[in-house]
Number of protein chains: 2
Amino acid sequence: MTLTLVGLGLGAAEDITIRGLKAVQDADVVLLEIYTSALIDSSLEQLATFLGKSVREADRISVEEQADDILSEAREKRVVLLVAGDPLSHACMKMHRHGPPISLVAGRGELSRHATTHCDLCLRAEQAGVSVEVIHNASIINAIGRTGLQLYRFGEVVSIPFFEKNWTPDSFYDKIVQNRRANLHTLCLLDIKVKERSVENLMANRMVFEPPRYMSVNVAIEQIRQVDAVKHELAASSCAFGVARLGSKTAKIVAGNAPGYGRKSCSGTLEQLMSVDFGGPLHSLVICAPHLHDIEEQYFAHYNCSASQTEQ
Amino acid sequence: MTLTLVGLGLGAAEDITIRGLKAVQDADVVLLEIYTSALIDSSLEQLATFLGKSVREADRISVEEQADDILSEAREKRVVLLVAGDPLSHACMKMHRHGPPISLVAGRGELSRHATTHCDLCLRAEQAGVSVEVIHNASIINAIGRTGLQLYRFGEVVSIPFFEKNWTPDSFYDKIVQNRRANLHTLCLLDIKVKERSVENLMANRMVFEPPRYMSVNVAIEQIRQVDAVKHELAASSCAFGVARLGSKTAKIVAGNAPGYGRKSCSGTLEQLMSVDFGGPLHSLVICAPHLHDIEEQYFAHYNCSASQTEQ
């Protein structure tokens with residue numbers, strides 16, 4: 001039969017497309033993937049009520065380890081997998097994003113399961129003769145245009161993982177520096193940990209989960225400063241936008257820049273941005289190119305001077 | 001009152017979100033912007049019927065020159081501006097994308113009007129006290145993930161403009177080369193010319209328009225080869241994906257690679273990709289990073305060996 005990946009967009013249940021809603025209504029089985037992103041303005045129950053269907057939660061363990069089950073279900077039935085944002089944006093990021101590779105901490109050579117993303121699921125389904133459809137939607141990758149920064153001026157996207165005691169991977173920092181050298185902005189995706197297990201629980205194969213964690217703009221900047229204290233290539237000359245719940249009713253966009261950037265109209269500093277309370281998840285951060293275009297400058301001032309913006 | 005920019009997504013009328021549809025139903029005035037992108041599976045009439053509203057076409061001239069009219073209308077009424085794709089993705093590209101700056105050909109110092117994008121319109125509306133809402137949707141920027149290429153491995157997006165007799169700007173080529181040096185993919189947006197006027201008609205201020213032109217994958221590759229014949233930094237080692245009507249019912253994805261890339265399972269060449277008939281607009285092109293990840297390799301083979309893919 002069919003496997004349909006439906007993007008839910010960035011905010012509430014009604015951000016689904018009509019085509020997506022029809023696919024859900026026609027489906028025999030509806031799964032909601034919850035570990036690469038999160039719905040901001042809607043709970044699972046609200047979503048199910050809105051869709052008029054029962055929705056089964058699919059965490060990382062079920063999507064990655066039970067991919068075969070999903071595929072064999074899709075051979076017989078019309079299966080819809082709902083994904084917050086766009087189905088292929090967040091998922092593909094995730095393999096790059098979640099904490100230390102399990103193979104490293106558990107020594108079980110499980111690195112390959114991190115590649116078992118939605119892309120992989122689609123490909124395997126197609127190879128198994130299941131008809132695959134992807135119904136796209138907005139993701140942070142394009143919605144970040146709401147900052148006024150021009151999308152064609154973004155370089156490579158980076159992911160900032162939660163630093164842990166003996167695990168502080170800082171390749172994101174080098175990429176930000178590289179993008180800035182090419183006069184490009186950097187969108188930083190911030191880590192999400194949902195239904196993760198501790199090393200102890202993993203090794204004992206206990207299905208006991210840590211509480212969910214979503215990295216804030218503040219923690220992201222703190223980690224950047226931690227790396228910068230060693231590498232000294234970034235901080236003083238960097239403008240940035242902190243963004244929370246983009247695309248939702250409670251979206252917040254705040255621009256900050258370092259002292260010495262020489263723009264009188266913008267009084268913020270990175271330190272100031274760090275002290276902003278962005279509220280609940282999901283957060284993202286943009287480190288700007290050294291030079292802003294005219295319209296970008298205007299937006300920077302707009303979001304900076306008002307210090308705190310709420311859009312609908 | 002309000003100005004709401006509503007993204008229509010990539011294919012048919014039903015790719016609008018429910019939130020977007022509600023905004024349209026509540027609107028006093030509905031405009032459809034047609035010059036930065038195009039609806040693939042729906043005409044203006046079909047869209048209007050689907051939405052149950054009359055829809056006024058807004059070409060480049062009305063959005064750029066009559067921005068003041070749109071703003072003053074939005075002061076009194078609920079105005080919706082519909083945009084194919086995501087409202088802030090395509091628009092922001094466009095200023096980078098359309099032909100020779102008019103100031104260059106007409107000597108009228110009109111370069112600044114190219115900055116009058118949707119971003120600009122939003123900012124001016126906000127500054128005028130009009131409540132602005134942006135309802136995001138999918139754009140080529142994230143839907144390109146359907147190729148199986150990982151979005152976090154894309155570098156700077158480039159736009160390939162139609163070459164003209166004395167105007168063959170080739171900065172896109174250098175950016176592709178730069179991205180490949182950093183082992184990144186490049187999404188190439190291909191030029192769109194809708195309701196453009198010839199220099200003669202522009203200078204005589206005659207509202208006579210050239211027929212619409214949409215750059216094909218084939219023309220894009222031809223232009224790349226033309227630059228490569230001088231610069232010699234790209235061709236022989238480059239894999240690529242040609243993509244047409246992504247997100248629509250007639251989407252087509254074909255992967256091709258150059259000889260000598262050494263992948264036995266993929267028999268295509270860039271020449272071969274050039275001879276593929278991708279059908280109607282809109283087309284895009286991805287020049288791949290020198291090294292593909294495992295899942296990307298698999299997708300490359302999938303789209304390459306089947307030589308022609310149609311997805312729903």
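Heavy-atom basis, side chains included; hydrogens, waters and symmetry copies ignored. Proteins come first, then strands; the chains are lettered A, B, ... in the order of their sequence lines, and each starts at number 1. Every value quoted in this text rests on a predicted model; they were computed, and no experiment measured them.
The two residues A:Asp15 and B:Thr17 come nearest to each other via the heavy atoms O-CG2, 3.3 Å. Looking at every heavy atom in both residues, B:Arg19 comes nearest to A:Gly247 through NH1-O, 2.9 Å.
Of all the listed residues (A:Gln178, A:Gln127, A:Gln298), the one sharing the greatest number of non-hydrogen pairs under 4.5 Å with chain B is A:Gln298. Chosen from A:Gly7, A:Gly155, A:Ala143, the residue pairing most often with chain B at heavy-atom distances under 4.5 Å is A:Ala143.
Interface residue B:Ile16: backbone and side-chain heavy atoms are both found under 4.5 Å from chain A. Contacts of A:Leu21 with chain B are made by side-chain atoms alone, with heavy-atom separations under 4.5 Å and no backbone atom involved. Proximity to chain B involves both the backbone and the side chain of A:Leu123, based on heavy atoms less than 4.5 angstrom apart. Proximity to chain B (any heavy atom under 4.5 Å) is shown, for A:Tyr299, by both the backbone and the side chain.
Looking only at side-chain heavy atoms (C-beta outward), B:Ile18 and A:Phe50 come within less than 4.5 Å of each other. The closest side-chain heavy-atom distance from B:Leu5 to A:Arg146 is not below 4.5 Å.
Here B:His136 contributes atom NE2 and A:Ile144 contributes atom CD1; the two are 9.0 Å apart, rounded to the nearest 0.5 Å. If you take CD1 on A:Ile141 and CG on B:Asp86, they are separated by 12.0 Å, rounding to the nearest 0.5 Å. Rounded to the nearest 0.5 angstrom, B:Glu156 CD and A:Arg153 CZ are separated by 8.5 Å. To the nearest 0.5 Å, the span separating CG on A:Leu88 from CG on B:Leu149 amounts to 11.0 Å. If you take CD1 on B:Ile295 and CZ on A:Arg124, they are separated by 9.5 Å, rounding to the nearest 0.5 Å. Rounding to the nearest 0.5 Å gives a distance of 9.5 Å between SG of B:Cys122 and NE2 of A:His302.
Counting only distance, with no hydrogens or angles, the side chain of A:Asn142 and the backbone of B:Asn137 share a donor-acceptor pair below 3.5 Å.
The ring pair (Phe, Tyr, Trp, His ring centres under 6.0 Å) search around B:Phe172 returns none, not counting sequence neighbours.
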